[in-house]
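Taking it in order: structure first as structure tokens, then the write-up.
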2 protein chains.
Amino acid sequence: MVNVTSTEPVDSPATGCPIAPVVDIVFSRWTTPILWQLNSHGRHRFNDLRDLVGGITAKVLTQRLRQLERDGLVTRTMHAEIPPRVEYEITDLGRSLAPVFAALVSWSDEHLRDVGDARASYDRSGKPQT
Amino acid sequence: MVNVTSTEPVDSPATGCPIAPVVDIVFSRWTTPILWQLNSHGRHRFNDLRDLVGGITAKVLTQRLRQLERDGLVTRTMHAEIPPRVEYEITDLGRSLAPVFAALVSWSDEHLRDVGDARASYDRSGKPQT
DNA sequence: CCGTATCCTTTGCGATACTG
DNA sequence: CAGTATCGCAAAGGATACGG
């Protein structure tokens with residue numbers, strides 16, 4: 001979490017990096033897959049979303065959803081029924097991240113293999129010399 | 001860190017989210033400001049980079065630079081002098097992230113204020129009801 | 001100068017049990 | 001169903017001291 005509005009210096013990895021705030025907002029752990037699912041498959045109930053994301057516990061999913069709701073990227077709708085039904089949906093602000101995600105998909109398609117190659121090469125012989 | 005090459009399921013926030021691997025690579029803590037500095041201001045020595053990034057300790061900077069080097073995003077050049085001189089530079093692969101960063105800058109310009117507003121609104125009255 | 005080693009605190013997360 | 005409460009561990013990160 002970071003101070004989004006002020007121009008004061010922050011302790012986070014920010015100084016001189018203009019995209020540090022948005023990185024904090026969008027790329028915290030689990031937030032990307034959550035937003036991705038809500039963006040591609042519409043509105044979802046809590047447990048459905050939990051299954052879609054996969055591997056996340058209820059506690060952490062709740063934490064992340066609360067954060068995303070506070071940041072205006074996701075809405076939470078409570079239906080007063082028994083048993084209770086809660087639905088989460090991405091907002092227009094959340095959908096506005098589409099170009100960012102598209103850029104990442106594009107980069108993955110073009111360059112992810114290069115990273116794998118670099119790692120293999122590094123692990124074989126490239127270790128840093130003193 | 002994530003298994004980049006295989007198609008096997010991973011435990012990370014990945015299942016069904018195609019950009020999970022690149023998020024792991026590029027948006028780990030401190031990596032974005034490091035890449036940003038190396039991308040905007042060229043080659044740098046270790047301590048210069050440390051000052052440019054700001055707030056990062058030598059230990060953590062070393063860890064992140066090793067990771068970036070292994071992933072092929074940064075090069076490390078040792079000059080055998082006394083005192084020693086080590087220079088870090090972004091690679092072509094690292095520079096290929098430019099469109100991603102550009103998309104993030106653009107989104108910040110257009111929507112970061114909305115997040116601040118959403119937070120203020122949420123903290124005032126929007127807390128989740130049971 | 002460029003790290004590494006060590007210690008220690010903090011943070012995050014999983015597991016489990018429980019509630020409206 | 002959709003969480004919350006509590007516990008406990010494990011990893012990440014800071015501070016400091018030291019080494020090639």
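Lettering of chains follows the sequences in order, A, B, ..., and the numbering in each one begins at 1.
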Checklist outcome for this item: Rounded to whole Å, CD1 of I56(A) lies from P of dG3(D) at a distance of 13 Å

Next on the checklist: Tell me whether the side-chain N/O atoms of R66(A) come closer than 4.0 Å to OP1 or OP2 in dT4(D).
Outcome noted: yes

Checklist entry - Nearest nucleotide by nearest heavy atom, which residue falls closer to the 5' end of DNA chain C, K59(A) or P83(B)? => result P83(B)

Checklist entry - Reckon R50(B) touches a base, only the sugar-phosphate, or nothing at all at heavy-atom distances under 4.0 Å? => result nothing

Checklist entry - Taking all non-hydrogen atoms of both residues, which atom of Q37(A) and which atom of L52(A) are closest, and how far apart? => result NE2-O, 3.7 Å

Checklist entry - Nearest-Å distance, CD (Q63(A)) to P (dA5(D))? => result 12 Å

Item to check | R76(B), nearest nucleotide to its side chain (from dC2(C), dC13(C), dG3(C)) | outcome: dG3(C)

Next on the checklist: In this structure, how many angstroms lie between the P atom of dC2(C) and the CG atom of L65(B), rounded?
Outcome noted: 11 Å

Checklist outcome for this item: Rounded to whole Å, the CG-C1' distance (D24(B) to dA12(D)) equals 15 Å

Checklist entry - Roughly, in whole Å, what's the span from CD1 in I82(B) to P in dG19(D)? => result 17 Å

Next on the checklist: Check the phosphate of dG3(C) against T62(B), side-chain N and O only, distance under 4.0 Å to OP1 or OP2. Yes or no?
Outcome noted: no

Checklist entry - Would you say dG3(D) has OP1 or OP2 under 4.0 Å from some side-chain N or O of Y88(A)? => result yes

Checklist entry - With distance as the sole criterion, is a donor-acceptor pair present between the side chains of H79(A) and E87(A) under 3.5 Å? => result yes

Next on the checklist: Using the side-chain heavy atoms of P84(B), tell me which of these nucleotides is nearest: dC1(C), dG3(D), dC13(C).
Outcome noted: dC1(C)

Checklist entry - Atom CG of L61(B) to atom P of dG13(D): distance rounded to whole Å? => result 12 Å

Next on the checklist: As an exercise, state the distance from CZ of R43(B) to OG1 of T77(B), rounded to the nearest 0.5 Å.
Outcome noted: 7.5 Å

Item to check | Residue T57(B), side-chain atoms from C-beta onward, closest of dA15(C), dG14(D), dC2(C) | outcome: dG14(D)

Checklist entry - Would you say R29(B) reaches dA11(D)'s phosphate, i.e. side-chain N/O to OP1/OP2 under 4.0 Å? => result no

Next on the checklist: Measure CH2/W30(A) against C1'/dG12(C) and give the value in whole Å, please.
Outcome noted: 13 Å

Checklist entry - For R45(B) and dC2(C), is the shortest distance between a side-chain N/O and OP1 or OP2 below 4.0 Å? => result yes

Next on the checklist: In terms of relative ring orientation, are H41(A) and H44(A) parallel, tilted or perpendicular, with 30° and 60° separating the classes?
Outcome noted: perpendicular

Next on the checklist: Measure NE2/H79(A) against P/dG3(D) and give the value in whole Å, please.
Outcome noted: 11 Å

Checklist entry - Does the distance from a Lys or Arg side-chain N to an Asp or Glu carboxylate O, for D48(A) and R45(A), drop under 4.0 Å? => result no

